[in-house]
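Note that these values count all heavy atoms, side chains included, but never hydrogens, waters or copies made by symmetry.
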Amino acid sequence: MSKSDYVTDQAREMYNEYGYGEFSYGDKREKYESLLRQMLTETPQGTKVYDIGCATGYWFGMYMRHGIPKENIHGIDLTPQNISRLQEQGFNAQTGDVLALDLPDNVSGLTICNGVIHHTPDPYKAFTELVRITKPGGYIYLNVYNAWNPYFYVVHRATWPLRYAYWNWSKKTLDIVYPVAKLFFQPISYLVMGQFIDDKTGRTMFMDQVMTPRAALFTKSRITSYARKNNCEIKQWAYNRMMMMISAKIKVLEA
């Protein structure tokens with residue numbers, strides 16, 4: 001097994017157990033996605049929307065409230081548990097890896113990838129897949145970790161011994177370190193969301209941001225470089241969640 005495959009398997013295992021998306025502060029999440037809301041408002045009727053790394057499908061409700069009919073929403077996620085749940089709800093959903101999407105070229109009018117490619121072993125390859133499936137003239141919404149926010153240097157870069165212990169020695173590492181981590185996470189949660197989070201949400205966020213096998217950090221210049229190499233143009237930028245994330249509205253240009 002290649003190192004890339006190993007990382008992907010770790011991510012699949014982690015997100016299958018910790019379903020990302022159903023959080024105790026869920027009713028406040030939309031306010032952090034102003035650029036996504038704007039793009040949905042501007043999306044022409046009949047556009048097919050593909051959510052790559054859709055997790056539990058939290059955002060599907062917002063898509064429909066912005067006029068995207070259910071039949072035009074397509075979810076792709078690494079974890080079978082998330083996909084089974086969405087299929088039971090009647091959504092178009094299938095398992096898939098953003099590094100090698102089992103989708104035709106030019107199938108999506110709006111491709112949404114919210115907090116996904118920075119967790120892959122090859123973010124650039126993931127980006128090329130987003131471009132490949134998006135029609136010329138269509139748009140990509142990309143949301144990734146901001147390299148200039150010190151948060152990630154504390155919660156991810158500085159915590160590599162915890163990850164090593166968790167993935168290589170014992171999963172019980174989580175039970176030891178999480179109670180201590182809560183003392184750090186809860187004040188940040190209150191600062192960002194205006195409320196403390198429940199234990200289920202806290203554990204899921206801790207896994208996603210600390211124990212995740214990969215967490216690449218992005219700058220505007222890095223995203224711009226990706227776009228230029230793939231015949232795309234950055235149309236708009238936004239920061240969200242206390243500048244923890246960079247969002248980009250990216251147009252796929254005609255060949």
Side-chain angles (χ1 to χ4, degrees), residues 5-29 32-33 51-61 75-89 91 93-99 112-121 123 126 143-145 151-152 154-186 188-189 192-193 195-216 241 244-245:
D5 291 339
Y6 182 61
V7 170
T8 300
D9 285 347
Q10 287 178 324
R12 183 183 294 107
E13 174 189 334
M14 185 181 76
Y15 289 114
N16 212 43
E17 182 174 356
Y18 299 92
Y20 195 88
E22 301 301 326
F23 295 150
S24 59
Y25 63 91
D27 59 338
K28 299 182 179 180
R29 292 184 70 189
Y32 297 113
E33 303 290 345
D51 188 329
I52 309 301
C54 63
T56 61
Y58 171 82
W59 298 109
F60 288 8
I76 311 294
D77 197 70
L78 191 63
T79 60
Q81 181 171 296
N82 288 337
I83 294 305
S84 295
R85 176 182 175 184
L86 290 170
Q87 289 175 342
E88 289 171 359
Q89 296 172 18
F91 285 104
Q94 66 186 73
T95 56
D97 181 354
V98 67
L99 295 176
I112 297 167
C113 196
N114 193 343
V116 177
I117 72 169
H118 52 226
H119 288 307
T120 70
N143 195 32
V144 288
Y145 289 158
Y151 175 82
F152 295 108
V154 176
V155 304
H156 186 77
R157 296 295 173 86
T159 56
W160 68 265
L162 302 181
R163 271 189 310 286
Y164 186 88
Y166 179 84
W167 291 109
N168 295 279
W169 294 345
S170 173
K171 299 296 173 59
K172 293 182 179 179
T173 301
L174 177 65
D175 297 326
I176 298 172
V177 301
Y178 177 70
V180 178
K182 280 202 303 186
L183 301 176
F184 175 74
F185 268 99
Q186 289 290 20
I188 293 178
S189 171
V192 175
M193 271 84 68
Q195 69 180 70
F196 296 117
I197 53 179
D198 63 18
D199 195 61
K200 180 181 178 182
T201 298
R203 283 179 177 267
T204 301
M205 292 181 65
F206 182 78
M207 294 301 297
D208 176 70
Q209 297 178 12
V210 177
M211 294 302 195
T212 180
R214 289 289 184 275
R241 304 177 194 173
M244 291 181 184
M245 313 285 284

Heavy-atom distance under 4.5 Å between the side chains of W59 and E33, does that happen here?
-> yes

Any Q10 side-chain heavy atom under 4.5 Å of Y166 side chain | no

Has the side chain of Q186 got a donor or acceptor atom that lies under 3.5 Å from a matching backbone atom of F196?
-> no

Which heavy atom in W167 sits nearest to a heavy atom in Y6, and how many Å separate them?
-> O-OH, 4.0 Å

Return the minimal non-hydrogen interatomic distance between I197 and G202, and the atom names on each side.
-> CD1-CA, 3.6 Å

Begin with the C-alpha distance, continue with both residues' side-chain angles, and end with the deciding distance and a verdict on side-chain contact (heavy atoms from CB on, under 4.5 Å) for H119 and Y15.
-> CA-CA 11 Å; H119 288 307; Y15 289 114; 3.4 Å; yes

Working for side-chain contact (heavy atoms from CB on, under 4.5 Å), residues M211 and V177 | CA-CA 11 Å; M211 294 302 195; V177 301; 4.0 Å; yes

Where do G57 and L86 come nearest, in terms of heavy atoms and distance?
-> CA-CD2, 3.9 Å

If you round to the nearest 0.5 Å, how far is CG of L78 from CD1 of I83?
-> 9.5 Å

Got a second to check how far Y18's OH is from M205's CE, nearest 0.5 Å?
-> 14.5 Å

Interatomic distance, R12 atom CZ to D97 atom CG [nearest 0.5 angstrom] = 7.0 Å

Flag, side chain of T120 to backbone of I117, donor-acceptor distance under 3.5 Å = yes

Any donor-acceptor pair under 3.5 Å from R163 side chain to H156 backbone | yes

Within a reach of under 6.0 Å around CZ of F184, are more than 12 heavy atoms found that belong to other residues, nucleotides or ligands?
-> yes

Between CG of N82 and CG of N16, what distance do you get to the nearest 0.5 Å?
-> 7.0 Å

Would you say E17 and Q81 make side-chain contact, with heavy atoms under 4.5 Å?
-> no

Pair D175 + R203, salt bridge at N-O below 4.0 Å = yes

Name the one of T159, L174, V155 that satisfies side chain to side chain contact (heavy atoms under 4.5 Å, CB included) with F206?
-> L174

Is there a donor-acceptor pair closer than 3.5 Å between any side-chain N or O of R157 and the backbone N or O of F152?
-> no

Nearest heavy-atom neighbours spanning Y145 and A215 = CE1-CB, 3.9 Å

Approximate separation, where rounding is to 0.5 Å, of D51 CG and D77 CG = 8.5 Å

Going from OG1 on T212 to NE2 on H118, what distance comes out if it is rounded to the nearest 0.5 angstrom?
-> 7.5 Å

Taking all atoms of both residues into account, what is the closest heavy-atom pair of G75 and F60, and its distance?
-> CA-CZ, 3.8 Å

With the side chain counted from C-beta on, respond yes when Y151 and Q209 share a heavy-atom pair under 4.5 Å apart, and no when they do not.
-> yes

Return the minimal non-hydrogen interatomic distance between P213 and A11, and the atom names on each side.
-> CG-N, 4.1 Å

